[in-house]
Amino acid sequence: MDRKRENFGSRLAVIMAMAGSAIGLGNIWRFPYMAGQYGGAAFIIVYVICSVFLALPIFLSESIIGRATQKSTFGAFRQLAPGTRWSSLGLLTVITPVIILSYYSVVGGWSIEYLIKSISDGFHSGSITDAASEFSQFSSSTGGPVLCHTVFLMGCAIVILGGVKKGIEKFSNITMPVLFMLMLMIMIYSIFLPGAGEGISYMLKPDFSKLTPTAVAAAMGQAFFSLSLGVGTILTYSSYVQKKEDIFVSGLGTAGFDLLFALIAGFAIMPAVFAAGLEPGAGPGLIFETLPYIFAQMSDVSPVISSIIAVIFFISITVAALSSAISMFEVGVAYLVEEHRVSRRKATLAIFSFAWILGIACSLSFGILGEFRISGMTIFSFCDTLTSNFLMTFGGLLFTVFVGWKMDSAIVRREFTNNGTLKFNSRIYPAVRFLVRYVAPIVIVTVFVTNLFL
Ligand code: PHE
């Protein structure tokens with residue numbers, strides 16, 4: 001009766017696929033502008049602490065649930081806690097990634113548009129304000145952004161249709177190393193620009209005065225978002241991990257690559273921002289307003305190099321966004337296939353349709369639907385705020401509480417240590433358990449409540 005479940009082929013494939021999920025707009029778009037807004041190195045220090053003591057335990061919790069049950073979110077909770085309300089958490093974590101997918105795909109679509117722009121006629125904005133208004137003109141229009149969002153989502157669907165091994169694994173095995181090389185090239189180019197030194201020291205010298213409680217909450221939220229936590233993505237991917245693999249090593253590998261990639265993106269972007277004489281705290285417009293202006297400036301000096309760098313940059317961001325979006329897509333598809341026994345093709349179509357329609361609403365909320373507000377927010381900001389500020393943190397909290405307090409501790413230990421055969425994991429197990437049971441939940445609740453009052 002059970003269809004044979006697919007697995008990732010090797011340890012490297014697991015890390016590549018998980019890194020594919022983790023490395024995305026969060027690293028190239030969000031991290032640099034947040035580091036820019038919240039004091040450079042000061043923010044990075046808090047971010048690293050959050051990654052190790054909060055994000056990693058949640059990552060491991062999701063891995064333990066997924067690999068122990070070899071099921072997608074909903075089925076996993078039903079198996080481990082039958083007849084309880086925990087399966088509603090399973091359902092929540094099916095819905096959250098599809099909501100994220102909807103607005104993420106809109107931004108993915110913008111990067112496709114900017115890729116096309118950089119290939120065709122390049123960037124010629126006169127001033128930074130021109131670049132900003134060019135972007136707002138594009139994002140608030142109707143046809144173009146919706147078309148790009150559609151193309152982006154179709155790209156995800158094609159990979160998803162290929163399945164776990166021939167789709168997801170193959171895609172990330174090819175794109176991740178390429179992405180790494182491309183971003184590294186841009187970073188090297190950027191740090192050698194005249195005037196880049198100030199940007200480098202901004203990223204290295206902590207400015208603790210900017211480290212407000214909001215900045216700390218932002219660092220935590222960013223650690224969640226960047227490692228794709230709290231929404232069942234890591235759980236679902238872990239359900240495809242073979243029993244012989246070491247989930248601690250894949251967790252550490254993924255978190256390590258993710259951090260390294262965020263730093264490379266930061267060091268690729270900040271020095272260029274300073275070299276162009278701009279402010280580091282430009283916020284979300286950094287990628288689509290500040291960078292095109294920088295590319296335009298560079299093209300006055302050398303048009304060829306400027307277009308090559310621009311093309312490489314927008315290819316990187318599009319590919320990184322694709323591999324993350326694919327992982328959000330897979331959560332819903334795995335759920336429909338396993339729980340509702342539909343074919344992968346039908347499941348893909350269902351998730352596509354949902355994300356496509358909600359994504360169109362998100363896209364139009366920059367233009368003709370701009371007046372439509374939910375709790376005072378546009379549809380796009382509402383989806384973003386609801387998921388990244390609430391549902392992801394809430395999901396992460398529940399995963400750690402489940403693994404720390406509800407799940408049979410014998411299963412937890414068995415999954416983490418591969419039945420006691422992994423000596424190192426057996427030794428660190430008590431520390432990991434402490435982080436999962438106490439540290440992660442307490443810190444999440446504290447930051448969450450503080451944030452609510454701010
Ligand atoms: N981690 C991805 C990024 O950094 C975003 C993501 C969130 C992916 C949730 C999957 C699930 O862009």
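In each ligand, atom 1 is the first atom listed, and ligand 1 is the first ligand listed.
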Number the atoms of ligand 1 from 1 as they appear, then name those within less than 4.0 Å of a heavy atom of [X], with their elements.
| X | answer |
| --- | --- |
| T233 | 10 (C), 11 (C) |
| G26 | 3 (C), 4 (O), 12 (O) |
| S327 | 10 (C) |
| L25 | 12 (O) |
| S226 | 1 (N), 4 (O) |
| S21 | 1 (N), 2 (C), 8 (C), 10 (C) |
| V231 | 9 (C), 11 (C) |

Describe, in one word, how the ring planes of [X] and [Y] are oriented to each other, choosing from parallel (under 30°), tilted (30 to 60°) and perpendicular (over 60°).
| X | Y | answer |
| --- | --- | --- |
| Y33 | W29 | perpendicular |
| F248 | F416 | perpendicular |
| F123 | F314 | tilted |
| W110 | F380 | parallel |

What is the closest protein heavy atom to [atom], and at what distance does it sit?
| atom | answer |
| --- | --- |
| atom 12 (O) of ligand 1 | Y104 OH, 2.6 Å |
| atom 9 (C) of ligand 1 | M392 CE, 3.6 Å |
| atom 4 (O) of ligand 1 | A22 O, 2.8 Å |
| atom 8 (C) of ligand 1 | S228 OG, 3.3 Å |
| atom 1 (N) of ligand 1 | F225 O, 2.8 Å |

Under-4.0 Å salt bridge between E62 and R67: no

Could you tell me whether R344 and E6 make a salt bridge, using a distance below 4.0 angstrom between a side-chain N and a carboxylate O? no

Mind checking whether Y114 and F313 have ring centres under 6.0 Å apart? no

R30 and ligand 1 - part of the residue with a heavy-atom distance under 4.0 Å: neither

Indicate whether the side chain of S105 and that of H149 have a donor and an acceptor atom separated by less than 3.5 Å. yes

L286 and V273, any side-chain heavy atoms less than 4.5 Å apart: yes

